[in-house]
Amino acid sequence: MTIKAPLLLSLQVGLSRTLGTAGAQDPDEQPWTTAIFKEPVEGPVRLSQQGLEGDAVADLEDHGGLDQALLGYSSEHYPAWRTELGQPFLKYGAFGENFTISRLDETSVCIGDIYAIGQARVQVALPRRPCWKLARRLRNPGVIERVHETARGGWYMRVLQEGFVERGSFVVLEERPCPEWTVTRAYRVYHEPAKDRPAARKLADCAPLAELWKEHLRAGG
């Protein structure tokens, strides 16, 4: 029997580290500090409200916090990215995600979705908007714009129930309070609120949406 439920295909963590060479002339070789390099983990990993054990955030001003405890990403995007980026061996985790998940993507995941994964329960809080570090990680300056065009950035999750998770776990949808707000639609409205002010106001009223995004939308974008 073929199982068609979404699966946690790969689980990644990574600590902050400084890379590059002091005094390098090439900007891509100059020192930078990041935790975007994630490595796969086998076996159960403890998930708390702060995130996965063994994981870290380098830039606490723009990233991290309870609403960004985890980054999920669709495994379905990798074939296209391997072609577009000319990197045929691009591995899961290359987009800095903690969870690489099958059979889900930004068009099927909604803001506020609650998923059971292993012993834990998580909730989708906001779309992921990648920063320049993703471009540097992938050595492709155009990848940020491409993510913006496609909305293939992934989604951040908060942790509602702590527990152990591991690769191979089912990703079970338990609740969907905001079915009208797919991650893709929320991403589009947030980036161009002037195109549809009523939609921007409705998105700001979506209770599970991260407060940071609500404030931005209510301020007019």
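The side-chain heavy atoms of T33 and S16, taken from C-beta on, include a pair separated by under 4.5 Å. Side-chain contact between L47 and L70 is present, with at least one heavy-atom pair separated by less than 4.5 Å. Here the side chains of K38 and D55 are in contact, with some heavy-atom distance below 4.5 Å. Y92 places none of its side-chain heavy atoms less than 4.5 Å from the side chain of P40. Contact check for D113 versus P208: no side-chain heavy atoms found under the 4.5 Å cut-off. In this structure, E162 and R46 have side chains that are in contact, with non-hydrogen atoms separated by less than 4.5 Å. Side-chain contact between N98 and Q12 is absent, with no heavy atoms from C-beta onward closer than 4.5 Å.
Residues passing the side chain to side chain donor-acceptor pair (under 3.5 Å) test with E29 are R139, sequence neighbours excluded. Not a single side chain to side chain donor-acceptor pair (under 3.5 Å) links S74 to another residue, sequence neighbours left out. With sequence neighbours left out, the side chain to side chain donor-acceptor pair (under 3.5 Å) criterion links R158 to D67, Q123.
Interatomic distance, L11 CG to E39 CD, rounded to the nearest 0.5 Å: 12.5 Å. Distance check, rounded to the nearest 0.5 Å: CG of D205 to CH2 of W181 gives 10.0 Å. For the atom pair CG of N140 and CD of Q87, the computed distance is 7.5 Å after rounding to the nearest 0.5 Å. To the nearest 0.5 Å, atoms NE2 (H77) and OG1 (T150) are separated by 7.0 Å. The distance from the CZ atom of R136 to the OG1 atom of T34 is 9.5 Å, given to the nearest 0.5 Å. Annotation: the span from W213 atom CH2 to Y156 atom OH amounts to 10.5 Å, rounded to 0.5 Å.
Cluster annotation: F164 and V45 are assigned to distinct hydrophobic clusters (Ile/Leu/Val/Met/Phe/Trp/Tyr, side-chain heavy-atom contacts under 4.5 Å, transitive). Cluster annotation: I114 and V171 are assigned to distinct hydrophobic clusters (Ile/Leu/Val/Met/Phe/Trp/Tyr, side-chain heavy-atom contacts under 4.5 Å, transitive). Follow the hydrophobic side-chain contacts under 4.5 Å out from L9 and you reach V172 in the same cluster. Hydrophobic cluster membership differs between L160 and V124, with clusters built from Ile, Leu, Val, Met, Phe, Trp and Tyr side chains linked at under 4.5 angstrom.
A donor-acceptor pair is defined here as one N or O able to donate and one able to accept, closer than 3.5 Å; such a pair exists between the side chain of E76 and the backbone of R103. The main-chain N or O of L90 is found under 3.5 Å from a side-chain atom of R82 such that the two form a donor-acceptor pair.
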> Yes or no on side-chain contact (heavy atoms from CB on, under 4.5 Å) for L52 and V41, after CA distance, side-chain angles and deciding distance?
Replying inline: CA-CA 11 Å; L52 290 165; V41 178; over 6 Å; no
> Which is it for L209 and L217 under the side-chain contact (heavy atoms from CB on, under 4.5 Å) test, yes or no, and what are the steps along the way?
Replying inline: CA-CA 11 Å; L209 184 69; L217 289 163; 4.0 Å; yes
>> Using side-chain contact (heavy atoms from CB on, under 4.5 Å), reason through W132 and I144 one step at a time and then give a plain yes or no.
In response: CA-CA 7 Å; W132 61 270; I144 303 301; 5.8 Å; no
> Between R17 and F37, does a side-chain contact (heavy atoms from CB on, under 4.5 Å) hold up when you go through it step by step?
Replying inline: CA-CA 9 Å; R17 50 178 160 163; F37 289 87; 2.8 Å; yes
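Under 4.0 Å is where a charged nitrogen must lie from a carboxylate oxygen, and between R188 and D196 no such pair does. Between R152 and E106 there is no salt bridge, since no side-chain nitrogen of the basic residue lies less than 4.0 Å from a carboxylate oxygen of the acidic one.
A94 and L138 get closest at one heavy-atom pair: O-CD2, 3.8 Å. Pairing each heavy atom of L8 with each of I101, the nearest pair is CD1-CG1, 4.3 Å. Across all their heavy atoms, L66 and Q49 have their closest contact at CD2-O, 3.5 Å. In terms of heavy-atom proximity, S75 sits nearest to S102 at OG-CA, 3.3 Å. A pairwise comparison of heavy atoms in V109 and R176 identifies CA-NH2, 4.2 Å as the closest pair. The minimum heavy-atom distance linking I111 with L126 is given by the pair CD1-CA, 3.9 Å.
Taking the six-membered ring where tryptophan is involved, the planes of F95 and Y78 are perpendicular, since the angle between them exceeds 60° and thus also 30°.
Residue K202 qualifies as open at atom NZ: its count of foreign heavy atoms under 6.0 Å is 12 or below. Annotation for R121: atom CZ counts as buried by contact number, over 12 foreign heavy atoms lying within 6.0 Å.
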